[in-house]
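Reading through the structure tokens given below for one structure.
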There are 2 protein chains.
Amino acid sequence: MATGRTHRPATRSRGIPEATVARLPLYLRALTALSERSVPTVSSEELAAAAGVNSAKLRKDFSYLGSYGTRGVGYDVEYLVYQISRELGLTQDWPVVIVGIGNLGAALANYGGFASRGFRVAALIDADPAMAGKPVAGIPVQHSDDLEKIIEDNGVSIGVIATPAGAAQPVCDRLVAAGVTSILNFAPTVLSVPDGVDVRKVDLSIELQILAFHEQRKAGEEHAAADGGGPAAATRTDSAEQGPDGDVPAVMPA
Amino acid sequence: MATGRTHRPATRSRGIPEATVARLPLYLRALTALSERSVPTVSSEELAAAAGVNSAKLRKDFSYLGSYGTRGVGYDVEYLVYQISRELGLTQDWPVVIVGIGNLGAALANYGGFASRGFRVAALIDADPAMAGKPVAGIPVQHSDDLEKIIEDNGVSIGVIATPAGAAQPVCDRLVAAGVTSILNFAPTVLSVPDGVDVRKVDLSIELQILAFHEQRKAGEEHAAADGGGPAAATRTDSAEQGPDGDVPAVMPA
DNA sequence: ATGTCTTTGTGAACGCGTGCACAAAGATGG
DNA sequence: CCATCTTTGTGCACGCGTTCACAAAGACAT
């Protein structure tokens, strides 16, 4: 789900379907776990189970990258980790700036998943002068007056917006003007950007509303068909088959 | 966008496509803004622009809810706000618990978008005894020993998991056993749940990796076709057409 | 009451993504 | 060297979602 998903309609990036790209990080995470346990090879069936997807889907996804498997054996874990990392562009360093150091911005700054994947928090930026200089997650917050200079000096191309909704578009405009071409937006607003700039949106409020919809539906069915076992029965299913993808979710005031 | 996306394959909830459900909150937000400006009616074209979607798609989405528009005029803003709210189940109160009060959990607890949409933080739960009793966002943190009792006493059906990856599955199991049937998961793990339980995943790490992929592709094309205007040119596009869906995104250590 | 103009609601075509099912490839054992 | 068994890679069909394009519906003016 998330809100994000479905990038530029009908435009495969280098032949790799968007849906596949969105799953590669999932595979990578599962593979990394296997790698840490020193597992040498893995079958599509096993890896698919670990990632929570269909094995045929996984094989087709990998087929877009090339033929990295060995029939009768499976996939070489280390090799696959490298190939996917390379494909995702994680073998290089990506400096990232976070704009808006409120509760969420601070949480993101402290987020451990950055460094482990080639992402580096180059700077924290906030509009509040009182925040300037104060260290968050070991990094001193800088004032937004210097936004352009910070972007340029650090060669930042990925920006994270964690400001209130009202400030998001102006901040976005400044980021783009300064050279940022990818934006992860946590503010509950639709951002307008020029062609060539990618935006992904994370909106908690939307995710909760989608859950509420299904929750209400369940409650309704319970009354209608007052039989056939309660909701907390049945066999285990993999949750990864559910949450969209994508789509795309968030974490700021609505 | 994002990661989520695509719930229970091929199962329309009451005839409303999942993709439509995922957009309803988007429309609702745009409509709420119009309502606050006392705009009486809005055309599909205008509303679509505000929500960042295609107008035909919006009309088709609304057609699943019923015929709430007036030809030649448009849609009544207030009426539509009510209909969508009702459809999403936002006219009732949804008590929510947040488990794992780290940086992210605290950010979520302080999140303003809850109350405004019928969501109420019923409790904050953490495994650290040192956290117990300490107030976060005005709500005292409770120890996870009491998780089951808290769920039952408050009639909670929606749980938010903001724990480290390792604790997510056990916490999930306990939530489900206690009666929770919808889970918003911020931990970077694939959760296994019984049938009838909905899980949506928000994974920041995945979102960033998807951005990195496109960023790398842009950089590659720049070298290949060293012409045709830089990346920061062209006309403005609406970003909502991009971020998945769906897909589904996150905010915890990988 | 009639005509014009705006905007909805939807039929139909298209494209992407998914999953089945199987042939080809290679490992492994005798 | 051959047979067998495992697992990949993919052709194919199906279904959902998107978009176009237009007829029907209603407002509004005359």
Side-chain angles (χ1 to χ4, degrees), chain A residues 1 5-13 15-24 27 40-49 51-77 79-80 83 238 240-242 244-247, chain B residues 1 4-13 15-24 27 40-49 51-77 79-80 83 238 240-242 244-248:
Chain A
M1 29 190 35
R5 276 100 43 24
T6 46
H7 270 256
R8 36 190 75 196
T11 298
R12 297 200 168 170
S13 316
I16 301 181
E18 191 59 30
T20 295
V21 172
R23 280 188 294 268
L24 290 181
Y27 301 145
T41 62
V42 65
S43 72
S44 64
E45 203 71 46
E46 294 168 315
L47 185 54
V53 303
N54 182 293
S55 70
K57 195 189 295 186
L58 178 143
R59 288 197 299 277
K60 183 151 290 190
D61 283 342
F62 286 174
S63 78
Y64 291 116
L65 310 183
S67 291
Y68 296 146
T70 305
R71 298 177 190 227
V73 177
Y75 298 91
D76 183 279
V77 173
Y79 187 57
L80 206 44
Q83 289 298 343
D238 216 327
E241 293 296 343
Q242 304 169 332
D245 50 77
D247 284 329
Chain B
M1 193 153 32
R5 295 40 142 90
T6 47
H7 271 256
R8 36 190 72 196
T11 299
R12 294 199 171 171
S13 317
I16 301 181
E18 190 59 31
T20 295
V21 173
R23 280 188 294 268
L24 290 181
Y27 301 145
T41 62
V42 65
S43 71
S44 64
E45 204 71 46
E46 294 168 316
L47 185 55
V53 302
N54 183 293
S55 71
K57 194 189 294 186
L58 178 143
R59 287 197 300 275
K60 182 148 288 191
D61 283 341
F62 286 173
S63 78
Y64 290 117
L65 309 183
S67 290
Y68 295 145
T70 305
R71 299 177 190 226
V73 176
Y75 299 92
D76 183 280
V77 173
Y79 187 58
L80 206 44
Q83 289 298 342
D238 215 326
E241 291 297 343
Q242 304 169 332
D245 114 68
D247 280 276
V248 184

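Naming convention: chains lettered A, B, ... in sequence-line order (proteins, then strands); numbering from 1 in each chain.
Whole-Å rounding puts the B:L47 CG to C:dT7 C1' distance at 14 Å. Whole-Å rounding puts the B:K57 NZ to C:dG9 P distance at 18 Å. Rounded to whole angstrom, the span from the CD1 atom of A:I16 across to the P atom of C:dG17 amounts to 12 Å. Separating the OH atom of B:Y68 from the C1' atom of C:dT7 is a distance of 19 Å, rounded to the nearest angstrom. To the nearest angstrom, P of C:dG19 lies 11 Å from CG of A:D61. Distance A:D76 CG to C:dG26 C1': 16 Å, rounded to the nearest Å. Residue B:E18 contributes atom CD, which lies 8 Å from atom P of D:dG17 at whole-angstrom precision. Nucleotide C:dT8 holds its C1' atom 12 Å from the CD atom of B:E45, rounded to whole Å.
Between atom OG1 of residue B:T41 and atom CG of residue B:L47 there is a gap of 11.0 Å, rounded to the nearest 0.5 Å. If you take OG on B:S44 and CG on B:D61, they are separated by 11.5 Å, rounding to the nearest 0.5 Å. Distance check: B:F62 CZ to B:R23 CZ gives 10.5 Å after rounding to the nearest 0.5 Å.
Considering only side-chain N and O atoms, A:S43 lies nowhere under 4.0 angstrom from the phosphate OP1 or OP2 of D:dT7.
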Open item on the list: For nucleotides 25-30 of chain D, give me one character per nucleotide, 5' to 3': B if any protein heavy atom sits under 4.0 Å from the base, S if the only such contacts are to the sugar-phosphate, - if neither.
Closed with: BSS---
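At a threshold of 4.0 angstrom between heavy atoms, the contacts of A:Y75 are confined to the sugar-phosphate backbone, with no base atom among them.
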Nucleotide N/O to protein N/O under 3.5 Å, stretch nucleotides 20-22 of chain D:
from   : atom 1 : to    : atom 2 : distance (Å)
D:dA21 : N6     : B:R59 : NH2    : 3.4

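At least one side-chain heavy atom of B:L65 sits under 4.5 Å from a side-chain heavy atom of B:I16. Looking at B:R59 and B:Y75, their side chains come closer than 4.5 Å, going by heavy atoms from C-beta outward.
Minimum interatomic distance between B:Y64 and B:G15 (heavy atoms only, all atoms of both residues): CD2-O, 4.0 Å.
Side chain of A:R23, nearest nucleotide from D:dG9, D:dG17, C:dT18: C:dT18.
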